[in-house]
Amino acid sequence: MARETLNILIGGEAGQGLVTVGELLARCLVRSGRHLQVTQGYMSRIRGGHNTFVLRTSVHEVPAPAEGFDLVVALDPATARIHEPELKPEGLIVVDEAWGLTGGNLWAVPYKTLASGRYMNTASLGVIGALIGLGTPVLLAALEKAFGKKHPDQAAENANTLEKAYAWTRENRSDGFHLAPAQPGPTRLILNGNDAISLGAMAAGVRFCAFYPMTPATTIALNLADRAAKLGLVVEQAEDEIAAVNMAVGAAYTGLPSLVSTSGGGFALMVEGISLAAMLETPLVAAVIQRPGPATGLPTRTAQADLEYVLFSGHGEFPRAIFAPGTIDQCFHRTVQAFHLAEDSQGPVFILSDQFLSDSLRDTAPFDLASVTAVNPADRHRAALEAMGSADPSAPYQRYALTPSGISPRLLPGLSEHLVVSDSDEHTEDGHLTEDLDVARKMVEKRLKKADLIRSRIVPPDFWGDDPADLLLVGWGSTLGAMIEAGQSLRDRGRRVGVLHFSQVWPLAPEQFLVRLESAGRVVAVEGNATGQLANLIRRETGFRIDAVVLRYDGLPLTPEFILRGLEE
Amino acid sequence: MARETLNILIGGEAGQGLVTVGELLARCLVRSGRHLQVTQGYMSRIRGGHNTFVLRTSVHEVPAPAEGFDLVVALDPATARIHEPELKPEGLIVVDEAWGLTGGNLWAVPYKTLASGRYMNTASLGVIGALIGLGTPVLLAALEKAFGKKHPDQAAENANTLEKAYAWTRENRSDGFHLAPAQPGPTRLILNGNDAISLGAMAAGVRFCAFYPMTPATTIALNLADRAAKLGLVVEQAEDEIAAVNMAVGAAYTGLPSLVSTSGGGFALMVEGISLAAMLETPLVAAVIQRPGPATGLPTRTAQADLEYVLFSGHGEFPRAIFAPGTIDQCFHRTVQAFHLAEDSQGPVFILSDQFLSDSLRDTAPFDLASVTAVNPADRHRAALEAMGSADPSAPYQRYALTPSGISPRLLPGLSEHLVVSDSDEHTEDGHLTEDLDVARKMVEKRLKKADLIRSRIVPPDFWGDDPADLLLVGWGSTLGAMIEAGQSLRDRGRRVGVLHFSQVWPLAPEQFLVRLESAGRVVAVEGNATGQLANLIRRETGFRIDAVVLRYDGLPLTPEFILRGLEE
Amino acid sequence: MVDIKEYGQFETAWCPGCGNHQIIQAVKRALAEEGLRPRQVLMVSGIGQAAKSPHYLRANVFNGLHGRALPAATGARLANPGLKVLIESGDGCSYGEGGNHFLAGIRRNIDVTYIVHDNQIYGLTKGQASPTTEFGFVTKAQPQGVFNTPFNPVAAAVGLRCGFVARGFSGDVDHLAGLIRAGMAHRGFALIDVLQPCVSFNKVNTFAWYKKRVQPLGPEYDPADWAVALQTAHEWGDRIPLGVIYRDETRVPLEDRIPALASGSLIGRPVNQTVLAEIMREYE
Amino acid sequence: MVDIKEYGQFETAWCPGCGNHQIIQAVKRALAEEGLRPRQVLMVSGIGQAAKSPHYLRANVFNGLHGRALPAATGARLANPGLKVLIESGDGCSYGEGGNHFLAGIRRNIDVTYIVHDNQIYGLTKGQASPTTEFGFVTKAQPQGVFNTPFNPVAAAVGLRCGFVARGFSGDVDHLAGLIRAGMAHRGFALIDVLQPCVSFNKVNTFAWYKKRVQPLGPEYDPADWAVALQTAHEWGDRIPLGVIYRDETRVPLEDRIPALASGSLIGRPVNQTVLAEIMREYE
Ligand SMILES: Cc1ncc(C[n+]2csc(CCOP(=O)(O)OP(=O)(O)O)c2C)c(N)n1
Ligand SMILES: Cc1ncc(C[n+]2csc(CCOP(=O)(O)OP(=O)(O)O)c2C)c(N)n1
Ligand code: SF4
Ligand code: SF4
Ligand SMILES: [Mg+2]
Ligand SMILES: [Mg+2]
């Protein structure tokens, strides 16, 4: 019987190429009409150790990673040993005959006879493809797309190896793991959270990105660097995170939509710059991709433990917004929103993601680029200039004019006769430093007033499931899918379950969700941290005390199974 | 009729010596048995501008600064102009005859005839001393203590000038501003908040302080540097705040009770180091002296706007404590407690003060040094070593041994055969880096477990006034005195008023205060910020919503009058 | 040449007698003489006494964080290479808190003119030692005197092959204005370390102290000779050489290397939808 | 001499063929040959591949934050001058994120031996340019090649008159162990920049590339001559000199200048109650 869903783990040492095999397989699955969600687990090293690339694939949508594997493809003997306990009863571990391993669930492949050295991974792909019933055309096409241009000399051998491994597998094991047939629908994208954030930034008109490498945030900057020349943007690797954020504020002051990307420890060094952006009222988007702390912690694992840290980062008081996407689509769209909100509120806006989502390749419908408007500070500059009409250019331009909304018309330096003065000290309306305490008070109020705009645009939390619910799961960011799947499985058992997911975690608008909390039988927060940060924030904002928490803080993503176990406790 | 209380403002340009005059006067007042509270207002410049030194003095205790001046001593004409509106109806502005100012409340002194150039300030002191009825002996003694050793050549001329100015004043204006007589009691200290924090640190056994200059925190380090040689401690000016905090963590790891002092912007750069201290489980005391932000803000003014910022500083999750002294005595004792708690909980502990308190000279009873025990990591090292008994020194010492309390016996490096291994990555019990996620989970729990110890030692908020109260004022840190005085003035008008003051703002123990909130008629938070940070924190921790707030955020300290006006609104 | 009056006249918060007064004068003169109008100029600074300078002339101003003027200036220059970007900040700001950016900025060779008001002290915070404070100098923070070897910024910059390295003196406005003009004319990172008496906190390196020692390099001096420049840069004693100590016109500024900037400033450039769609298709 | 076995043998997380394997070997040998026992040694590091080194020998370990090894080591040394403090970290950690501490540490002249594993790349984060990466080197973060002038740490340190500056090569363990011993013997800040092939991310500066160029300085070379040292330090091309490039034994380490440390480590020293009471009386 064909399988609707398969959970496939590819495991091996860093450097063995398991990501290459995994990505090829991912592409084949999506091309052949299946849905997909990838979970990557890797160590903070370049060679050796034990890494995993898990593909959960289905003819239906795949909301979350899951426990228990149907197939374990071991690129090294350790993988077989480590993941044997996680194998489903009917599962299979594909190993290399050469290792001489034996056991009930092991299936040995004579790789040596199928491929030579550098083509081993191609053989693996052939084996897996055949096992799960993908056709050779889709496999070959994927190989060609990946290596055709880069290594044309290896094309023939690659194809040969693939076909050989494929054929061998079909002959020796044709049963058990075939995926149910699917019709390839309209084109789907395959991309991970960081890809989608990068694409969102590009669509939103990002023109400047400064960064200092830090896992799991680096790939955002690398994505942009890769397209910098053709799309017309500047990506600068800074000497440290302090330089990165100050460069970005400098570029933003001058008129470029700007982005910084980092993780917890690097963000620490940006905290002063965040406060600077707030004081200068400069738009700035900061993507903070979480990993477990404190300090260096687990640099390649996932966590949701920096919500409060980001929310209260920066000395002094100023408004901000924090988006916490839970899907690839949200990664894209929240990023676009972040750029607009930063521009409109003239201040810092955050995208808070995590390693799991950042590395999780998924299939998604192409983004409707035509519907996205890019921010363009120069347009606003022109509009503001026009509004000023024949204002005397020798009268100092009031960059920080006190307005009812708290938002002042923003000109850009060098683009008109008006001089743009910005100062990190408290300042008068014209931007010059002041120690007039009455002005200081008004400026504090002006900056905080901008919260109104931010509040008027809050993305409400998404609700899924039964309303009212006996059990309401509440979460944010990357846990969305796991909550929904856990919820569904309880609903299948007859319970009334709802899921409330925040893809914007600050500010909170109680009127958007409080009644759901109050009307639910039992409310449980599901978070990737050890203290229940969203739960605490909800209490701070509404007084509502969430009944219980399911928390994960071992560096792994929440799974439906983990949530269900947690609910039973 | 003699006055029980006087509010005296000395004003002038930076560099005119108003602090010298003010400090001399302060000493004379305290020596002659009066109580005192000083409020300093100065600009971010070295010469010129307009600075103030306000002495509120009384035969009773002086809890807070107050509005309205009895005497304005103008060292420059601007002072007379600026502060005229703040003069009480019967008040007097002392000016220099030479300026040619006239007006009802002005009293011109012919300084030129009383003193020559460098002795002008001495003449001022003589005039004020005579006006408020201090005797010449106490004035001369203060002069001698201040300048006797440094400038013996000027002693005679100083004394002459003082006596001349004194005599002239007695002749020309003997009425109105004499302080009621007081009996000098047991010796009182005259010191400000930063002095008391420094003294507390020294008493607690601080051995290492690293800092980067930043107003209003610098004087803590300068106080320590001044005594470093004689008391045996190392004070190092670092190249930046990042270096400062990492030096301190390095010194603390090695076995020295360590302190960093800074303000908001500098603290931003320490945030990563705070997370490091938490991860390495290294004791560290950080004194954060608040000033208004964001960014550079108002570098020489006061604020209480960094409570949440400090509370959630550092990525990842770990326990901490934050003390917020409201008096000089609390500055001393909370600092001592901070060192003990940092040592016992093996992690970061904060002292959160502000510019107002840091510069506010007050009279205080000498601290009972004999009752203070200094922390001594070496003692603990020895005790831990003894407890290990004949443990095999070749078996790796478990710096991060999992214990029920979360606290592991701490040895110091180099002092025994045992090697001390600390790593900012997640680590095993022996301190070496690990990517074992099961161990990671246990280590998260271990670190958070230490919150139990911290919770067991919470300093409860102080309560003053009527219980139950119709009106309960709730605040933290330096606003204590202003709340009490505002409260008293309402009680004088027949209302039942209470004041709840937190000198420790984290963690909060609802059982220590919630019933007071619940039983009060109306609860009003009084804070030096624009968002009500303590009020929000209380809601987060208890669900209790404080009814109203009186907030000040113009850079000036809360006064009783400000609170009373705020309550009326 | 632009009328210097365009740059205005302002009251300052500096002490009377402070060298800063002359430096700002020299800056204004240099800007006017270069024919720059205020709208073309962006003055960037950090925090400190020197860092207040941009408030005392008419120009676009970015007065950022202590120690962080250079990265902000870098971002601004990369955003709009049409702006003439000058930095004015103190020795503490530039070589202390900002030391890492100083190293990186020279390597990056961004086209900014960096004028450091070097009073060998932290002025605004009341007189602690800065990186350039002399060995043994006593302050409240260094009661036993400074233990560290002083930083010689000119020597460090020449060592790093910074394309333009000069030393000026606030006491010689004409000479200084000339250096600033030369620095602005240089395409790439230009460092001008300006010796500046601080009358309030530096009672050692006074106006007289400098006056006695500074000595402008003569016309025979060839700033293109790196070995000689290195030697000259290390001179610091009875004679302190002033002038352009090293100049290398062959270094290409960063702005010229970045493909996206080949057609000028990115400000207002609309997103190329075709390219964007292409990029998205890479993920199919 | 201590048995090198005391320092143990550990599995590492490094790639096979990485130069780090030899460096740690040289460190262990140097420690043993200097007669130091593990308990006397404190190994400090930041974050990166190189920074994992302290986990691969038996010693006291402080593995701190990326870029911050030196300040932590400074604090530790000032706390306990009885400890022999060595730092091992990468070029990115030491000259990139930690650049400001590098400048300050040399000026401060704290007595630590700083061994930089200089693979001219950010290894652990998968191959972005570091400050020492060569001009034009292409990475995913620098797709047009590195635009910055590479940082020559040896030249910078000599320029700052660092008291001990050496360059080693992971491919010559004997020579390197000798340098480390000499660095440890030096009283004050000792920099040893170690050329280290990264087989995974630096395909330009390979073992063969280095091997062809490195050339140990002969016995005739006088590291006390600063001018010669400066010149030698700037040599980087077909010939790359190895060895102690500069040494100045006259510089006094910071530890010797601090009055509180005159009688040794402060650890466990009780508070002098008489002095404390005196200090309190100053406030009467
Ligand atoms: C992050 C941070 N740390 C410290 C300060 C405090 N601070 C302000 S100015 C200054 C030193 C100024 O010295 P310098 O740069 O030499 O300028 P000068 O006042 O001497 O002109 C310091 C340390 C700050 N504003 N921000
Ligand atoms: C504050 C901070 N920023 C960034 C990182 C990410 N990071 C870890 S190692 C590293 C670079 C390592 O390069 P290098 O120091 O040269 O060491 P190598 O791996 O090459 O030995 C970076 C950027 C971090 N851990 N902390
Ligand atoms: S303190 Fe020094 S640097 Fe600052 S204004 Fe006064 S003289 Fe100038
Ligand atoms: S990535 Fe490079 S530096 Fe890191 S272990 Fe591998 S070879 Fe060595
Ligand atoms: Mg200075
Ligand atoms: Mg490296």
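Values in this document were obtained by computation on a predicted structure and should not be read as measured data. Below, chain A is the first sequence line, B the second, and so on; all start at residue 1. Computed from heavy atoms alone, side chains included, the values below leave out hydrogens, waters and symmetry copies.
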Most contacts with chain B, counted as non-hydrogen pairs under 4.5 angstrom, among A:Met443, A:His427, A:Gln533: A:Gln533
Among B:Gly49, B:Ala535, B:Gly314, residue most engaged with chain A (heavy-atom pairs, under 4.5 Å): B:Gly314
Partner chain B: residue of A:Gly297, A:Pro299, A:Ala268 with the largest heavy-atom pair count (under 4.5 Å): A:Gly297
Side-chain (B:Glu272) to main-chain (A:Leu269) donor-acceptor, under 3.5 angstrom: no
Side chain, backbone, both or neither of B:Ala303 within contact of chain A (heavy atoms, under 4.5 Å): neither
Donor-acceptor pair, side chain of A:Asp554 and main chain of B:Ala440, under 3.5 angstrom: no
Most chain B-contacting option - heavy-atom pairs closer than 4.5 Å, from A:Leu448, A:Thr434, A:Asn529: A:Asn529
B:Leu276 and A:Pro294, any side-chain heavy atoms less than 4.5 Å apart: no
Gap between atom CZ of A:Phe312 and atom CG of B:Asn536 - 0.5 Å precision: 7.5 Å
Heavy-atom proximity to chain B below 4.5 Å, by part of A:Leu433: neither
Geometric class of the B:Tyr309/A:His315 ring pair [parallel <30°, tilted 30-60°, perpendicular >60°]: tilted
Straight-line distance of B:Leu556 CG to A:Arg441 CZ, nearest 0.5 Å: 11.0 Å
Side chain to side chain, A:Glu308 and B:Glu308, heavy atoms closer than 4.5 Å: no
Shortest non-hydrogen contact from A:Glu435 toward B:Leu298: CA-CD2, 4.3 Å
Under 3.5 Å side-chain donor-acceptor pair for B:Glu317 and A:Tyr553: no
When B:Met270, B:Arg291, B:Arg540 are compared by non-hydrogen pairs under 4.5 Å with chain A, the top option: B:Arg540
Heavy-atom proximity to chain A below 4.5 Å, by part of B:Leu311: neither
Residue B:Gln290 versus chain A: region with a heavy atom under 4.5 Å: neither
Part of B:Arg552 lying under 4.5 Å from any heavy atom of chain A: neither
Pairwise side-chain contact, B:Met279 with A:Thr296, heavy-atom cut-off 4.5 Å (strictly under): no
Closest non-hydrogen atom pair, A:Thr542 against B:Arg539: O-NH2, 2.9 Å
Contact origin within B:Thr531 toward chain A - heavy atom pairs under 4.5 Å: both
